[in-house]
2 protein chains.
Amino acid sequence: MWIKKAFLQKNIMDKTDRSILLLLQKDGKITIKEIAERLNLTTTPIFERVKKLEKEGYIKSYKAILDRKKAGLQLMVFCNVTLNLHQTDYLKKFEKDIQQFPEVVECYHVAGMFDYLIKIYAENMERYQDFLSNKLASLENISKVQSSFVMTEVKDFSYLPIP
Amino acid sequence: MWIKKAFLQKNIMDKTDRSILLLLQKDGKITIKEIAERLNLTTTPIFERVKKLEKEGYIKSYKAILDRKKAGLQLMVFCNVTLNLHQTDYLKKFEKDIQQFPEVVECYHVAGMFDYLIKIYAENMERYQDFLSNKLASLENISKVQSSFVMTEVKDFSYLPIP
DNA sequence: TAATAAAAAAGAATTTTATTCTATATTTGA
DNA sequence: TCAAATATAGAATAAAATTCTTTTTTATTA
């Protein structure tokens, strides 16, 4: 009996797929034609593979990466947040609240020395202080907030080390 | 005497530019035509503005955003790294070394309770342990490493809160 | 405020790229 | 080795980016 290969191999990437993902991570605007030339294939297989990678969720989205300082955001700060109460309801409440703040660009629930790690962008120290005092610290259930100000971005996101 | 407006206004964004940047942050694959329709303009001014924003560095690049778990990277870990010695040479040495590791996708020199914050992607705990023992901890000058394992990504990068 | 240079935008034409379609080659499992 | 499934090639079409010329709007200064 015949077993459909498509069924078995769904969500299995090969070397070509990995190469495509690497190229698209480096440059989301690279053309299908350009990828095809680099991988010694024609546009059709590349086009179909890219669409498949998008459809199956390997590629979540495409984004323009901005220069935050040029955009007027001089400060990048990481905050280690510790909560008082840790029942699910309290966690959900905190997570819902924190998402509202546009200054918070990332938020992770972590296992370690504190509860949440958040990344904040602010125009300047004054705005950051305003965020901290009037927004973050005003949330109920906050026990401790420890700020780390970014001085240098030694390495910023280049691309995932796909195994 | 005439003063060129272009000279004066270089690097000054207006409302339209900000709208374009917002749209491109949300979807790097949005077409010029689509942006034009949304902002009630034709393709020419949008095309020229986008090229200007790229040329002047507001837009650093375009990237495909991948699903890290689908890509086989189950673990995301943040490490707070403290060094022993803090003279410039030692900092440069550490920064150079840390950049070599593909597992390290971000690295920031921070002012706060520790020296560096690094973000690490690993296939699994075994691989992470290998990274920690055989790569990170093997660097000279490391005083302390404190790991925080990400359990939930409450908010991941959406877009910069351009003021 | 009128004259006018500069800048921005519109509209049309052209080039390039994405996308689709059909044909061919390769791979895979019995 | 055969047949089905899959991947790729090559050509045709559709859509988008890009360029060019013209028109409109904005801003300066007399």
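All figures in this text were calculated on a predicted structure; none of them were measured in a lab. All values below come from the heavy atoms of this structure, side chains included, with hydrogens, waters and symmetry mates left out. Letters A, B, ... are given to chains in the order of the sequence lines, protein chains preceding strands, and every chain is numbered from 1.
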* Listed nucleotide nearest any side-chain atom of A/F47, set C/dT20, D/dT8, D/dT18 -> C/dT20
* Just how far, in rounded Å, is P of C/dA8 from CE of B/M13? -> 15 Å
* Residues in salt bridge (charged side-chain N to carboxylate O under 4.0 Å, His left out) with A/D115, at least two apart? -> none
Considering only nitrogen or oxygen atoms on both sides, find all protein atoms under 3.5 Å from nucleotides 10-13 of chain D and state each distance.
unit_1 : atom_1 : unit_2 : atom_2 : d
D/dG10 : O6     : A/T44  : OG1    : 2.6

* Asked: Atom NZ of A/K15 to atom P of C/dT27: distance rounded to whole Å?
  -> 15 Å
* Ring centres of A/F94 and A/Y116 under 6.0 Å apart? -> yes
* To do: Measure from CD1 on B/I46 to C1' on C/dG11 and round the result to the nearest Å.
  => 15 Å
* To do: Examine the side chains of B/Y62 and B/E54 and answer whether a donor and an acceptor come within less than 3.5 Å of each other.
  => yes
* For atom CG of A/D14 and atom C1' of C/dT28, their distance in whole Å -> 15 Å
* **SB check B/D17 B/R49 (cutoff 4.0 Å)** => yes
* **Contact under 4.0 Å: B/R49 side-chain N or O vs C/dA9 OP1/OP2** => yes
* A/F101: what forms a side-chain contact (heavy atoms from CB on, under 4.5 Å) with it, not counting sequence neighbours? -> A/I98, A/E103, A/V104, A/F131, A/K135, A/L139
Can you give each donor-acceptor pair under 3.5 Å made by side-chain atoms of residues 140-148 of chain B, sequence neighbours left out, with the distance rounded to 0.1 Å?
unit_1 : atom_1 : unit_2 : atom_2 : d
B/N141 : OD1    : B/N84  : N      : 3.3
B/N141 : OD1    : B/L85  : N      : 2.8
B/N141 : ND2    : B/L85  : O      : 3.3
B/Q146 : OE1    : B/N80  : ND2    : 3.2
B/S147 : OG     : B/Y128 : OH     : 2.8

* Asked: Within this structure, what is the OH-to-C1' distance between B/Y62 and D/dA17, rounded to whole angstrom?
  -> 12 Å
* **Polar contact flag, side-chain donor to acceptor under 3.5 angstrom, B/Y90-B/E95** => no
* Can the positive tip of A/K70 be found less than 6.0 Å from the middle of the six-membered ring of B/Y58, inside 45° of the ring normal? -> yes
* Would you jot down, in residue-number order, the residues of residues 28-41 of chain B having a non-hydrogen atom under 4.0 Å from DNA chain D? => B/T31, B/I32, B/K33
* To do: Mind calculating the distance between NZ (B/K51) and P (C/dA7) to the nearest angstrom?
  => 21 Å
* Asked: With sugar-phosphate meaning primed atoms plus P, OP1 and OP2, does B/E48 contact a base, only sugar-phosphate, or nothing at under 4.0 Å between heavy atoms?
  -> nothing
* Residue pairs fulfilling side chain to side chain donor-acceptor pair (under 3.5 Å) with at least one residue in residues 39-48 of chain A, sequence neighbours excluded -> none
* Asked: Between atom NZ in A/K52 and atom P in D/dA5, what is the gap in whole Å?
  -> 16 Å
